[in-house]
Amino acid sequence: MNEMRPIMAKVGIIPNADGSAMFSFGKTVAIAAVYGPRQLHPQHMQDPATGILRVNYDLLSFSVSDRKRPGPSRRSNEISKMIEWALIPVLNLKDFPNTVIDVQIYIPQADASTRVAGINAASMALAHAGIPMKDLVCSVSVGKLDKELVVDVDKEEEDFKEGEGATDFPLAKVAHGDEFTLLQLDGKIQPELISKALAMASDACDEIYEVQKKALKGSVGE
Amino acid sequence: MNSINEAHEAVEEEFSEPSKRSVVVPGEIVVSGEDYLPGEGVRREGENVVASRFGLAEQLGRVVKVIPLTGAYVPRRNNVVIGRITDVLHNGWLSDIDCPGNGFLPIAESPRFINQYEMDQFLAIGDIISAKIWSIKGRGIDLTIKGKGLGKLEGGFIFRVSPSRVPRIIGREGSMIGLIKDNTGCSITLGQNGWVWINGPDTEAMIRARKAVQYIADNVHIGGLTDHMDDWFKKN
């Protein structure tokens with residue numbers, strides 16, 4: 001139950017972007033492209049004190065079995081904002097006043113845990129774009145099937161109905177140290193299980209970090 | 001056209017005998033110990049020197065720094081850049097230099113006197129200039145075209161390479177770019193923002209020079225690239 005689906009990561013997949021990356025958990029695939037820092041328009045959004053981060057997350061229409069209606073939705077807006085908050089703690093946007101860093105995250109293939117795959121891809125793409133960062137962000141979802149904790153939830157586990165039902169607990173963490181930048185909870189979990197879930201996620205994040213690091217280093221000299 | 005003189009100085013120190021090089025990711029410990037001084041792209045955390053960005057970590061004496069390998073151009077003072085005039089104002093020109101913010105070239109920074117009402121006869125919208133950044137204040141980048149090799153670029157063509165590859169294309173003390181100039185007979189101006197302008201005796205030589213620049217940009221990680229380029233010129 002501590003096992004994640006096979007992880008794959010690649011950097012530099014979009015030549016036109018300043019930085020880009022792909023990250024996948026088994027059948028879930030996320031691609032991220034970073035543009036900037038660049039001039040922010042509309043001008044009234046510009047902040048002379050700091051730069052801003054603008055994330056756009058979306059599922060592609062063919063990524064799920066029922067066609068997803070293309071374009072922004074309540075769900076994608078919400079997840080975009082939340083990914084933004086998960087990434088800002090490692091960035092130093094004060095160095096780039098009046099500018100924006102655009103992060104585009106798309107999911108070409110979805111099998112649950114798309115937001116955490118998106119965060120992993122975005123974190124690598126930001127590093128690839130040469131943006132000063134405190135650390136990489138690693139992200140994983142912990143699930144609870146009836147009474148059992150599992151790491152890296154897939155669609156089948158997400159739809160689990162028996163017993164207490166399924167819980168989805170996506171979280172993101174700064175690679176070194178114990179700082180969590182995202183905690184969401186969809187479902188029910190006993191308070192005493194949370195510390196166990198965090199410990200499981202930490203171990204999984206260490207594994208993800210190694211993959212991210214390897215992909216970034218491997219992109220040099222291609 | 002030798003507008004990259006200033007750029008050479010910056011490159012000289014970057015490429016003089018780095019003792020150790022390795023690729024690092026943000027948050028990775030580059031070296032531990034109190035003896036080291038954090039340079040660009042790194043920071044000190046307790047007794048460790050930690051990378052702040054993705055790139056090549058280099059140790060020069062006691063100074064440790066990270067040279068970025070990818071990313072957008074961030075303007076610095078004294079950089080020579082190539083830009084395109086986007087607007088003619090009453091007191092100067094606005095120029096797109098491919099970075100956040102426009103470059104402003106005041107009328108007083110042109111090498112000769114220009115009548116305020118005939119500014120577009122000197123530089124019109126769409127003209128390409130090579131200019132030097134002489135100050136960066138809050139918002140706005142001020143340019144100058146007073147200096148050797150700076151000014152309007154006529155003839156030839158421009159194209160873009162990744163800005164982080166520019167120091168390598170120039171090479172140590174301009175060795176690499178000198179090699180291309182000698183082999184193709186073209187004059188090349190490299191902007192730190194990644195725009196390259198090539199002008200030469202004939203189109204074929206210019207295309208050959210462009211291919212050479214592109215080849216270096218795609219193969220920056222190869223050691224001893226200058227020697228390698230000698231072979232490349234024999235083949236192409």
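Numbered from 1 within each chain, the chains take letters A, B, ... in sequence-line order.
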Revision key, fill the gap. Note: vs chain A, highest number of non-hydrogen pairs under 4.5 angstrom among Val25(B), Asn102(B), Asp98(B) is Val25(B)
Revision key, fill the gap. One option among Pro68(B), Gly101(B), Gly41(B) has the most heavy-atom pairs under 4.5 Å with chain A, and it is Gly101(B)
Point to revise | Crowding at CZ, Arg43(B) (>12 non-hydrogen neighbours, <6.0 Å) | key: yes
Exercise for review: Can you measure from CG (Asn48(B)) to NE2 (His176(A)) and round to the nearest 0.5 angstrom?
Suggested key: 10.0 Å
Study note, to complete from the structure: Bottom line for Phe96(A): the part with an atom under 4.5 Å from chain B's heavy atoms is side chain
Check your understanding: Would Glu28(B) and Lys217(A) pass as an ion pair if we require N to O under 4.0 Å?
Key -> yes
Check your understanding: Does CD in Glu157(A) sit with more than 12 non-hydrogen atoms of other residues, nucleotides or ligands closer than 6.0 Å?
Key -> yes
Check your understanding: Rounded to the nearest 0.5 Å, what separation is found between the CG atom of Leu91(A) and the OG atom of Ser52(B)?
Key -> 11.5 Å
Review point. How far does CE of Met124(A) sit from CZ of Phe54(B), to the nearest 0.5 angstrom?
Key: 9.5 Å
Point to revise | Non-hydrogen atoms of Gly27(B) and Asp135(A) that approach each other most closely | key: CA-OD1, 3.6 Å
Check your understanding: Which residue out of Leu40(A), Asp18(A), Val174(A) racks up the most heavy-atom pairs below 4.5 Å with chain B?
Key -> Asp18(A)
Check your understanding: Which atom names give the shortest non-hydrogen contact between Pro100(B) and Pro37(A), and what distance separates them?
Key -> CG-O, 3.3 Å
Check your understanding: Just by distance, do the side chain of Thr70(B) and the backbone of His128(A) share a donor-acceptor pair under 3.5 Å?
Key -> yes
Review point. Rounded to the nearest 0.5 Å, how far apart are CZ of Arg53(B) and CG of Leu126(A)?
Key: 12.5 Å
Practice item. Could you tell me whether Glu3(A) atom CD has more than 12 heavy atoms of other residues or ligands within 6.0 Å of it? Key: no
**Study point:** Contact class of Ala127(A) relative to chain B, heavy atoms under 4.5 angstrom
**Key:** both
Exercise for review: Go through the atoms of Ile131(A) and report whether side chain, backbone, both or neither lie under 4.5 Å from a heavy atom of chain B.
Suggested key: backbone
Revision key, fill the gap. Bottom line for Val74(B): the part with an atom under 4.5 Å from chain A's heavy atoms is side chain
